[in-house]
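Data block below; observations after.
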Amino acid sequence: MRWPTDTYPDPVRRATTDPSGDQVTVSVVIPHYGRPEPTLALATSIAEGADGHLHEVIVADDSSPIPFPRGSEGIRVVRREVNGGFGAAVNSGAAVATGSHLLILNSDLTLPPGFVDAMVERSSGWGEAVTGPAILAPSGAPDYTGRRFPRISHQVIEWLTPLARWRGRRWWHRGVGHDVQATPGHTVPVDWLVGAALLIPIERFREVGGFDERFFMNCEEIDLQRRLGQAGVPSVYLGHVSVTHEGGGSSDPLLRRRWLVGARLTYARKWGGHRRLIAALMAATGANFVWNLVRRAMGRETAPVATAREEVSLITST
């Protein structure tokens, strides 16, 4: 992957001290669950790199069935006794971190050389902020990782089957809450950043209580950045730094969707709009049911009743 630091007309800010005047030191925390090979490869590549701002590499083993191996040089392992999900694992790693900043990384990322230093340098002009890089698929296509805070309309548009054919259109991305200004080559403030790669001042992370562990998977980073935003810590998309994200995971699609819908309902219960969200999704499920009936009448292979039951189960399971 081509390192884009000098590709775009946005000069790197060279000041690399935090607001207190101290040198920025980075504690990398990588949550681990499942096969250890991807996590080990990522942690080793960081520990063996030449990044001057790197302070330590911590792997937070979330009670993985295959424990992360101990004894790797430059890698500290913290193993949880109970599987608590992404946010709980990061909290466990952050609890022992001693750097000035926390760099949270998914285990299935591939980083370019000098990534830690580039994140620090590109973040330095923003004061105390949550920052995240451009995240690319293995094909090189960018994901929309800078987003707007969730609205009911975002989730309804994403839920509606008749609109699925337009996925990928710019209006659809706007409609589901993607910040279309946050693209590679641009550095822009956003409401929140996808949590695959986040640099956060560690004291501000701790001041707001870290991740809310009621979120097992999904939406924990939205909740965190909303609380940080209220405390005066903005989120900023750094489009001149990039990583490659394998994504997908090993869990089945239905389970991932159940986690996502459950997390969104938990978020709505915490921040408001829970009942309205349920009503809106149920109405969208009704629209999907009618749409699928029409498609079946036209000879398409659809299962209107089974699909509707599955969607209702997702909405009412939390």
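Nothing fancy with the numbering, it's 1 onward along the sequence.
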Exercise. Begin with the C-alpha distance, continue with both residues' side-chain angles, and end with the deciding distance and a verdict on salt bridge (Lys or Arg N to Asp or Glu O under 4.0 Å) for Arg147 and Asp191.
Key: CA-CA 6 Å; Arg147 303 190 181 181; Asp191 284 351; over 6 Å; no

Any side-chain heavy-atom pair of [X] and [Y] under 4.5 Å:
{"X": "Leu228", "Y": "Arg204", "value": "yes"}
{"X": "Arg264", "Y": "Pro150", "value": "no"}
{"X": "Val236", "Y": "Leu193", "value": "no"}
{"X": "His32", "Y": "Pro38", "value": "no"}
{"X": "Val241", "Y": "Met119", "value": "yes"}
{"X": "Val29", "Y": "Leu102", "value": "yes"}
{"X": "Leu160", "Y": "Asn288", "value": "yes"}

Quiz item: Can we say Arg148 and Asp179 salt-bridge, meaning some charged N sits less than 4.0 Å from an Asp/Glu carboxylate O?
Solution: yes

For [Y], does its backbone N or O pair with a side-chain atom of [X] as donor and acceptor, under 3.5 Å?
{"X": "Glu207", "Y": "Phe205", "result": "no"}
{"X": "Ser64", "Y": "Ile66", "result": "yes"}
{"X": "Arg214", "Y": "Ala263", "result": "no"}
{"X": "Thr307", "Y": "Ala303", "result": "yes"}
{"X": "Asp61", "Y": "Pro67", "result": "no"}

Quiz item: Honestly, is Arg79 close enough over Phe68, meaning NZ or CZ under 6.0 Å from the six-membered ring centre and within 45° of the axis?
Solution: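 Cation-pi check for Arg79 and Phe68: fails.
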
Quiz prompt | Arg257 to Trp159 six-membered ring, cation-pi geometry met (6.0 Å, 45°) | solution =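 Yes, Arg257 sits over the ring of Trp159.
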
Quiz item: Is atom CD of Glu73 surrounded by more than 12 heavy atoms (other residues, nucleotides or ligands) closer than 6.0 Å?
Solution: no

Exercise. Kindly check if the number of other-residue, nucleotide or ligand heavy atoms within 6.0 Å of CZ (Arg76) is above 12?
Key: no

Exercise. For Ser63 and Tyr33, work out which heavy atoms get closest and say how close.
Key: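 Scanning both residues completely, I find the closest heavy atoms to be O-CE1, 3.8 Å.
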
Exercise. Identify the heavy atoms of Leu105 and Ala197 that sit nearest to each other, and give their distance.
Key: CD2-CB, 3.8 Å

Quiz item: Where do Phe215 and Phe86 land on the ring pair (Phe, Tyr, Trp, His ring centres under 6.0 Å) test, with the steps shown first?
Solution: CA-CA 8 Å; Phe215 296 93; Phe86 180 86; over 10 Å; no

Practice problem: Using side-chain contact (heavy atoms from CB on, under 4.5 Å) as the criterion, point out the one residue from Val188, Leu198, Val190, Thr131 that pairs with Ser235. | Solution: Val190

Quiz item: Quick one: which of Pro133, Pro184, Pro189 gives a side-chain contact (heavy atoms from CB on, under 4.5 Å) with Tyr237?
Solution: Pro184

Exercise. State plainly whether one hydrophobic cluster holds both Leu103 and Ile135, where clusters connect Ile, Leu, Val, Met, Phe, Trp and Tyr through side-chain heavy atoms under 4.5 angstrom apart.
Key: yes

Quiz item: Between Trp172 and His178, how do the two ring planes meet: parallel, tilted or perpendicular, split at 30° and 60°?
Solution: perpendicular

Exercise. State whether a side-chain donor-acceptor pair under 3.5 Å links His240 with Thr187.
Key: yes

